[in-house]
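Beneath this line is the structure, given in structure tokens, with notes to follow.
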Protein chains: 2
Amino acid sequence: MFVNVNANSAVRPKFLGEHDGLSRAQVILSEFKYSRGTEVFGEAEPAEYVYQVVEGAVRSYKLLSDGRRQIGAFHLVGDIFGLENGAVHRFTAEAIVDTTVRLAKRVNLEHVARADALVARDLLSMTTSNLQHAENHMLLLGRKTSLERVAAFLLEMDSRLTAAGVMALPMSRRDIADYLGLTLETVSRTLSCLHGKGLLDFLGQTQRQIVLRNRSELAKLDL
Amino acid sequence: MFVNVNANSAVRPKFLGEHDGLSRAQVILSEFKYSRGTEVFGEAEPAEYVYQVVEGAVRSYKLLSDGRRQIGAFHLVGDIFGLENGAVHRFTAEAIVDTTVRLAKRVNLEHVARADALVARDLLSMTTSNLQHAENHMLLLGRKTSLERVAAFLLEMDSRLTAAGVMALPMSRRDIADYLGLTLETVSRTLSCLHGKGLLDFLGQTQRQIVLRNRSELAKLDL
DNA sequence: CGAAGTATTGAGACGTCTCAAAATTAGTGG
DNA sequence: CCACTAATTTTGAGACGTCTCAATACTTCG
């Protein structure tokens with residue numbers, strides 16, 4: 001099932017096993033592919049692995065009993081996810097598009113962390129940046145209008161995945177809505193509104209390629 | 001300004017310096033009092049100390065430029081707050097009522113953590129529980145109704161500060177609203193509604209002492 | 001090219017917010 | 001301790017933003 005791969009990809013972000021993200025950790029790495037829509041791990045499942053997106057995109061979410069969904073984060077190329085302190089995962093993680101992940105056995109990581117204080121420090125700083133993102137997102141979900149939420153989303157994605165001026169969103173309107181605490185219709189309407197104001201353009205024949213025309217106006221909308 | 005105190009209080013929770021929360025750390029501890037409404041630290045201020053509530057209650061919040069406020073957490077007796085990985089605080093912290101805190105210099109704590117892996121582990125697990133709280137709160141803020149939010153709030157506070165069956169809330173309706181992403185009127189109406197249904201009672205002549213009459217019905221409301 | 005999935009747009013419903021007033025509680029100084 | 005004032009809470013009525021439901025358009029994929 002798991003294929004051992006150590007081939008170097010020529011991609012920008014720092015990957016597990018390269019001496020950065022998780023220092024010069026001697027952890028066993030594998031790669032695995034998930035096709036669009038499949039689950040990487042489920043909420044409350046034992047947290048056996050830690051993952052990093054090599055290619056594609058992943059959403060982590062929680063569900064209420066009646067199906068309402070809150071996406072806590074999108075994981076894009078280079079992002080590490082599924083890192084838990086406790087025994088089980090607190091989110092469900094699904095591939096948004098066909099996705100390749102690199103994975104490390106959690107117990108190995110913990111073993112290395114015990115020996116190497118730098119690795120332990122990396123674990124803390126990753127957890128801290130997750131916390132920081134969650135804190136900012138609470139402000140968005142609790143207090144921002146739909147326009148402010150969508151503007152914040154666009155700016156976040158712009159900074160994380162824009163290549164050559166074009167932002168190719170992997171996620172659907174529904175995913176965006178569940179991330180922003182809105183409905184997909186409200187997201188769609190708000191994007192149309194921003195397009196109408198000349199702040200962004202839709203590119204080609206897909207609605208998921210977006211070009212930001214006026215970042216500073218968007219930034220003003222995101223208080 | 002800071003008074004060195006090592007007197008043992010006879011209170012329930014484990015405190016800094018007692019061999020639990022932060023292991024057998026040899027950190028210098030002081031106590032300090034903040035009167036109702038005063039700021040303990042501000043957002044983006046250098047994070048020089050880590051705090052623990054000895055008596056009273058604290059709110060941590062973020063503000064938007066126009067004054068909208070999102071409270072990220074309430075810190076009650078025993079809770080540690082102001083723990084940062086980065087150089088600065090990401091929230092403003094204010095005393096809700098007259099409050100006594102114990103505080104430790106952050107650099108000392110880091111120094112100890114470097115020497116003692118158990119302390120380092122405690123730091124990570126504290127950050128993780130903050131993260132876990134934030135993740136649950138994102139679900140609440142993004143997807144729950146006002147009734148579900150208030151029910152969740154009551155159950156959270158019930159588990160954290162009920163003494164002798166009575167829950168003495170230190171925070172105002174406005175604080176609750178800013179925690180739940182609602183307005184104070186909606187919080188008040190929702191509490192009235194729950195009272196009307198016989199799920200809770202208001203005690204004495206204050207509106208901040210509440211007795212939960214039917215926890216299981218409340219739990220059903222909090223999906 | 002047809003079918004399924006996704007996005008847009010519209011119209012009306014609904015939940016929460018806003019504004020306002022009254023009731024209650026807390027705080028202050030005599 | 002009381003009287004007075006300020007602050008907080010409750011309650012009401014109407015406004016507003018987002019949601020729901022529905023229809024249409026567009027894109028993707030077999």
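Lettering of chains follows the sequences in order, A, B, ..., and the numbering in each one begins at 1. Quantities reported herein were computed from a predicted structural model and do not represent experimental measurements.
Between D:dT10 and B:Arg173, a contact under 4.0 Å exists linking OP1 or OP2 to a side-chain N or O. One finds no side-chain N or O of A:Thr183 lying less than 4.0 angstrom from the OP1 or OP2 phosphate oxygen of D:dT18.
Remark: B:Lys33 engages B:Thr100 in a side-chain contact (heavy atoms from CB on, under 4.5 Å) (not counting sequence neighbours).
Computed from coordinates, the A:Arg143 CZ to C:dC17 C1' distance equals 10 Å when rounded to whole Å. Distance CZ (A:Arg36) to C1' (D:dT27): 12 Å, rounded to an integer number of Å. Atom CG of B:Leu191 and atom C1' of D:dT8 are 14 Å apart (whole Å). Atom CG of A:Leu203 and atom P of D:dT27 are 12 Å apart (whole Å). Straight-line distance from the CZ atom of B:Arg149 to the C1' atom of C:dG15: 11 Å, rounded to whole Å. Straight-line distance from the CD atom of B:Glu185 to the P atom of C:dA21: 14 Å, rounded to whole Å. Straight-line distance from the CD atom of A:Gln209 to the P atom of C:dA7: 13 Å, rounded to whole Å. Distance B:Arg68 CZ to C:dC17 C1': 13 Å, rounded to the nearest Å.
Closest contact between the side chain of B:Arg208 and the listed nucleotides D:dT9, D:dC19, C:dT25 involves D:dT9. Across D:dC19, C:dT6, C:dT16, the shortest atom-to-atom separation from the side chain of B:Ser146 is found for C:dT16. Looking at the side chain of A:Ser192, the nearest of the listed nucleotides D:dT8, C:dT8, C:dT9 is C:dT9. Of the listed nucleotides (D:dT10, C:dC17, C:dT6), C:dT6 has the atom at the smallest distance from the side chain of A:Ser172.
Judged by closest nucleotide on DNA chain C, A:Phe202 is the one of A:Phe202 and B:Arg189 placed further toward the 5' end.
Between A:Tyr179 and A:Phe74, the distance separating the two ring centers is shorter than 6.0 angstrom.
Contact annotation for B:Ser188: base contact, defined as any heavy-atom pair under 4.0 Å involving a base atom. Residue-level contact check: A:Gly37 touches neither bases nor backbone, having no heavy atom under 4.0 Å from any strand. B:Leu184 comes within 4.0 angstrom of a base, heavy atoms only.
With salt bridges taken as basic N to acidic carboxylate O contacts below 4.0 Å, one links B:Glu148 and A:Arg68. Under the 4.0 Å criterion applied to side-chain N and carboxylate O atoms, A:Asp98 and A:Arg36 are not assigned as salt-bridge partners.
B:Tyr49 places none of its side-chain heavy atoms less than 4.5 Å from the side chain of B:Arg106.
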